[in-house]
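The structure under discussion appears below in the form of structure tokens.
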Amino acid sequence: MQNRFLASLLPAVALSIAFMGSAAAQGYPAKPIRVIVPVAAGSGLDLVARVATEKMSQNMGATLYIENLPGANSNIGAAAAARAAPDGYTLLVATEALPLSRLTYSKLNYDLLRDLELFGTFAKGVFILSVHPSVPAQTVEEFVQLARAKPGSIAYGSSGSGSPHHVVMEMFAQANGLDMLHVPYKGSGDTVTALISGTIQAAMGLPSSFAPHVRSGKFRGLAVSSAKRMAAFPEIPTLMERKVNGVEYESWYGLFAPTGTPRPVIERLHAELGKVVRDKAYIAERLGKIGLEAVESPPPAAASAFLRNFHDRIAPVVKKAGIKAD
């Protein structure tokens, strides 16, 4: 009898929860929205976050303010977002560094796939495989031949163990059976300095840090990691189009909310993010200057599936290489 009574209450409870979520969304936002950026102010991700939030603030007639919480490969900021109330007033701007952290750290105080929801992506970046001019390889095919002929002789740099720069280079190495020496640095700036000086022979980096040096001739750009050639460097082929085992990999930037944030609020935020991406003049002016492209975000459910698929696609690469960030 009691079980039947409880069962009869379930539809009413569900309807009440849905109503509360809808009511919350109707008055949303009623106060400033905190947007956590898990890196230092002035860094590439910070600049990208400001591109999205400034326009969203204008369009929504609301205040979205940045709070920088750097450290531990974005995990300090991510953990703070995961612990926040799921009410739409704390968001997180982050990259694929988060699923990589889940795969490379032995212990984290939050679970990305359980505690945070990716509800939209809005920008992407392409990695440029570059070498120091002293490297006797004019093409990616020649670079592969050189690395195969001299196992362990090519040193490549990254922004740290388990960073996207490390993982994409490891994907390339595994695909082509290469044995190269990984040299981790504290950030892309240090990697650039090492490649300019010839301390390392190769690296993969985003246009925001690599493009000026490719243009000046300090680096030799051999290939890009995207499916299509970059508009900024149409002469540089993609890894996939060359007669080697290539890699298709693009860095991505997205907005997360704590799991349990009301669906109407998520849908509203996703719609507002879409308005930013579709503002071609604004995006070209702001994202184009740092070498990134806007991407039309998939619906929230598809964005969540994209996150899990990315995680599962990268997991075998990380496991085979034994990559550890701690």
Side-chain angles (χ1 to χ4, degrees), residues 95-101 103-104 121 123-131 135 137-149 151-152 154-184 188 191 195 200-211 214 219-253 291-293 295 306-323 325:
T95 71
E96 77 272 22
L98 295 190
L100 293 181
S101 287
L103 293 167
T104 57
T121 56
K124 65 180 181 179
V126 175
F127 284 92
I128 306 174
L129 172 61
S130 302
V131 296
V135 174
Q138 300 297 319
T139 66
V140 67
E141 293 95 329
E142 291 178 0
F143 178 74
V144 168
Q145 292 171 4
L146 178 67
R148 283 176 178 166
I154 300 292
Y156 74 90
S158 80
S159 295
S161 294
S163 67
H165 310 73
H166 180 197
V167 172
V168 67
M169 198 67 167
E170 184 57 39
M171 289 176 71
F172 175 69
Q174 288 183 17
N176 291 283
L178 307 182
D179 176 13
M180 297 186 289
L181 175 65
H182 173 228
V183 182
S188 58
T191 305
L195 190 53
I200 55 175
Q201 288 76 56
M204 284 202 193
L206 294 170
S208 54
S209 55
F210 274 38
V214 172
F219 297 173
R220 182 184 303 129
L222 299 183
V224 295
S225 65
S226 54
K228 297 180 180 179
R229 295 193 182 198
M230 289 180 62
F233 294 100
E235 74 280 8
I236 300 180
T238 70
L239 286 168
M240 294 298 291
E241 71 184 83
R242 307 309 294 180
K243 295 179 180 179
V244 296
N245 292 320
V247 172
E248 184 180 337
Y249 183 107
E250 292 179 333
S251 186
W252 51 265
Y253 300 75
L292 299 178
E293 296 179 36
V295 291
F306 164 81
L307 175 64
R308 184 170 288 278
N309 289 340
F310 178 88
H311 174 278
D312 294 347
R313 180 169 68 91
I314 298 299
V317 177
V318 172
K319 182 177 181 180
K320 182 176 180 179
I323 298 174

Is a side-chain N or O of [X] found less than 3.5 angstrom from the main chain of [Y], in a donor-acceptor match?
X      : Y      : result
Glu250 : Gly125 : no
Ser159 : Ser188 : yes
Arg229 : Pro234 : yes
His311 : Leu307 : no
Arg148 : Asn176 : yes
Glu142 : Gln138 : yes
Ser225 : Tyr249 : yes
Gln201 : Ala155 : yes
Gln174 : Met171 : no

When you look at Met204 and Ser130, which way does the side chain to side chain contact (heavy atoms under 4.5 Å, CB included) test go after all the steps? CA-CA 6 Å; Met204 284 202 193; Ser130 302; over 6 Å; no

When rounded to the nearest 0.5 angstrom, what is the spacing between [atom1] in [X] and [atom2] in [Y]?
X      : Y      : atom1 : atom2 : value
Leu239 : Phe127 : CG    : CZ    : 12.0 Å
Ile236 : Thr139 : CD1   : OG1   : 13.0 Å
Ile200 : Leu181 : CD1   : CG    : 10.0 Å
Glu96  : Trp252 : CD    : CH2   : 6.5 Å
Tyr253 : Leu292 : OH    : CG    : 4.5 Å
Leu129 : Arg242 : CG    : CZ    : 12.0 Å

Candidate pair Phe233 and Val214, rule side chain to side chain contact (heavy atoms under 4.5 Å, CB included), full reasoning: CA-CA 9 Å; Phe233 294 100; Val214 172; 3.8 Å; yes

Minimum heavy-atom separation for [X] to [Y], with atom names?
X      : Y      : answer
Val140 : Ala223 : CB-CB, 4.3 Å
Ala137 : Leu222 : O-CD2, 3.9 Å
Ala202 : Leu195 : N-CD1, 3.7 Å
Thr238 : Ala227 : CG2-O, 3.8 Å
Pro207 : Met230 : CG-CE, 3.6 Å

Could you check whether any side-chain heavy atom of Glu170 comes within less than 4.5 Å of a side-chain heavy atom of Tyr156, counting everything from C-beta outward? yes

Can you check whether Phe172 reaches Phe143 side chain to side chain, under 4.5 Å on heavy atoms? yes

Parallel, tilted or perpendicular: rings of Phe219 and Phe210 (30°, 60°): perpendicular

Are [X] and [Y] close enough that a side-chain donor and a side-chain acceptor fall under 3.5 Å?
X      : Y      : value
His182 : Ser158 : yes
Gln145 : Glu141 : no
Glu248 : Ser226 : no

If you draw a 6.0 Å radius around CZ in Arg308, do more than 12 non-hydrogen atoms from other residues or ligands fall strictly inside? no

Sort out for me which residue in Leu103, Val167, Leu100 forms a side chain to side chain contact (heavy atoms under 4.5 Å, CB included) with Ile323. Val167

